[in-house]
Amino acid sequence: MAKKNKEFHMDPWSARGIDEEDYERLIKEFGIERIGEIERQKLIDNRFIRRKIIFGHRSLDDIFKAIEKKQPWAVMSGIKPSGPFHLGTLTTALEIVEFQKMGAKAYYCIADIESWEDNGIPYEEAEEAGVDNLADILALGLDPSPDKAYIWRQSKEPIVKDVCFKVGRLLTQNMVNAIYGEKRFGLYLAALIQVGDILLPQILDAPQPTIVPVGIDQDPHIRLTRDLTRRYYKDIKEDEKIVRDAFFLPGATYHKLLTGLDGTDKMSKRNPNSHFTFNEPIDSIIKKLKGALTGGRKNKKEQQELGGEPQKCMIYKILTYHFEEDDEKLADDFEKCVKGELMCGEHKKECIEKVVKFIENHQKKKEKLIDKAREILKIG
RNA sequence: GGGGGUGUAGCGUAGUGGCAGCGCAGUGGUCUCCAAAACCAAAGGUCGUAGGUUCAAAUCCUACCACCCCCA
């Protein structure tokens, strides 16, 4: 209620939830484009597109053009090494892997400057988490070969720091306030470093379309980056001749965020019951899933008469995001739930089995990739 | 550089010298197909840190630390 009067700040660093009304607003007022039928068809292999988890984008058309003309393009995203992988980071990671499979060169950033600025974790302490996170995405299928991927740590990559200072000249206090609200100064710096991360493919290689798959809460970074790119990375001319084209405005895809397993606004580190990590003991994961919010009715009788409410159900949600491969089975379970034929206890049990299988399998793959991750990040 | 303010449980707060309390969150239980909601119960504190005054300090004094505001 009060929200309508308040200024709309979507904050990449806070844990505020985002509701349907916000999504509409982002599309109407902030220029995010809906994923239309054409984009949908072109990306139909992507589960997140099919299931409308990725709901919006900027400049996806540049990517399709590059694909058509067989020109190079990039996918860029990263992770803040402040803890283990969870279902939220899994979404972005899978998106990167998907785009790489479609032909993009993948640029993956370990955002250790941000984990210092945001969480107070010194670079050295972020190393282990960085290795762990990288091993996770390798296990999910990221191909690290040098022609297909470039992986870096912010603190060790001078180019991204250069960009921070270069574009910093274009920014005023009022602009950062409008985008992020009042924050610790270091967070603004981290945001500018991230501008460097997003532009890195075009700096290291040549101007090319870049897609940044992110959660919708990261859009402020995308807006800032596009604004600064437009103003700073223009055509470079020598003697009236263009020697380097202007950069492409970095594009993005936006996915909806998973809410907390326990029914709270957002999965957050603060609230351990809202999420589980990939490094967590299996019995702890099971316990959290057992306690997950469902859309079930008061008792069995009412459930059979009225049917469940899968829209509210976290079990249904995480199956949709990650753990049910089969579209038909998913739709079928939705139907059964609404008709009152599927009981939550039973559905939960099924879901738990799938999650446990996934985590155990993932751990096995990951274990073998830790050394590889160390090698890539040059951490001994 | 100067001035003012704040610091009490995970979070929000009450407490002006005499047993450190309340709300929310978290935990356990009842209920439930499982959760949620509701109800019941238990738990949680070096009162920012270090000194000092006092029979007695969250409370008064000193220094330091962290954060916020104002002035130059």
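Naming convention: chains lettered A, B, ... in sequence-line order (proteins, then strands); numbering from 1 in each chain.
In this structure His221(A) satisfies the ring pair (Phe, Tyr, Trp, His ring centres under 6.0 Å) test together with Trp13(A), Tyr180(A), sequence neighbours excluded. Every residue was checked against the ring pair (Phe, Tyr, Trp, His ring centres under 6.0 Å) condition with Tyr321(A), not counting sequence neighbours, and none meets it.
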Inset, instruction - Take nucleotides 64-72 of chain B nucleotide by nucleotide from the 5' end and write B, S or -, depending on whether a protein heavy atom sits under 4.0 Å from the base, only from the sugar-phosphate, or from neither. - result: ---------
Inset, instruction - Summarise protein proximity over nucleotides 33-44 of chain B in one line of letters, 5' to 3': B for base, S for sugar-phosphate only, - for none, counting protein heavy atoms closer than 4.0 Å. - result: BBBS--------
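Ring geometry for Phe358(A) versus His362(A): interplanar angle under 30°, hence parallel rather than tilted (30 to 60°).
In this structure, Lys256(A) is positioned above the aromatic face of Tyr23(A), its NZ or CZ under 6.0 Å from the six-membered ring centre and within 45° of the axis. Annotation: cation-pi geometry not satisfied between Lys166(A) and Tyr232(A) (NZ/CZ under 6.0 angstrom from ring centroid, within 45° of ring axis).
Under the 4.0 Å criterion applied to side-chain N and carboxylate O atoms, Arg374(A) and Glu128(A) are assigned as salt-bridge partners.
Under 3.5 Å, the side chains of Thr172(A) and Asn174(A) contain no donor-acceptor pair of N or O atoms. No side-chain donor from either of Asn46(A) and Lys101(A) sits under 3.5 Å from a side-chain acceptor of the other.
Nucleotides rC19(B) and rU6(B) are separated by 23 Å at their P atoms, to the nearest Å. Nucleotides rC22(B) and rA9(B) place their C1' atoms 12 Å apart, quoted to the nearest Å. For the C1' atoms, the distance from rA37(B) to rG17(B) is 46 Å, rounded to whole Å. Across the P atoms, rA20(B) and rU32(B) are found 43 Å apart, a figure rounded to whole Å. Rounded to the nearest Å, the gap between the P atom of rC61(B) and that of rG18(B) is 15 Å. Of the P atoms belonging to rU30(B) and rA14(B), the separation is 38 Å, rounded to the nearest Å. rA57(B) and rG52(B) have their C1' atoms separated by 11 Å, given to the nearest Å. Rounded to whole Å, the C1' atom of rC47(B) lies 12 Å from the corresponding atom of rG21(B).
Pairs of Watson-Crick or G-U wobble type, with distances under 3.5 Å, assemble into runs of 3 or more in RNA chain B at these ranges: B:1-7 with B:65-71, B:10-13 with B:21-24, B:27-30 with B:38-41, B:48-52 with B:60-64.
When heavy atoms are screened at a 4.0 angstrom cut-off, Lys317(A) is found touching no nucleic acid atom at all.
Here the side chain of Ser77(A) pairs a donor or acceptor atom with the backbone of Pro213(A) at under 3.5 angstrom.
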Side-chain donor-acceptor pairs under 3.5 Å in residues 238-245 of chain A, sequence neighbours left out?
none

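A side chain to side chain contact (heavy atoms under 4.5 Å, CB included) with Leu228(A) is found for one member of Val195(A), Leu199(A), Ile198(A) and no other, namely Val195(A).
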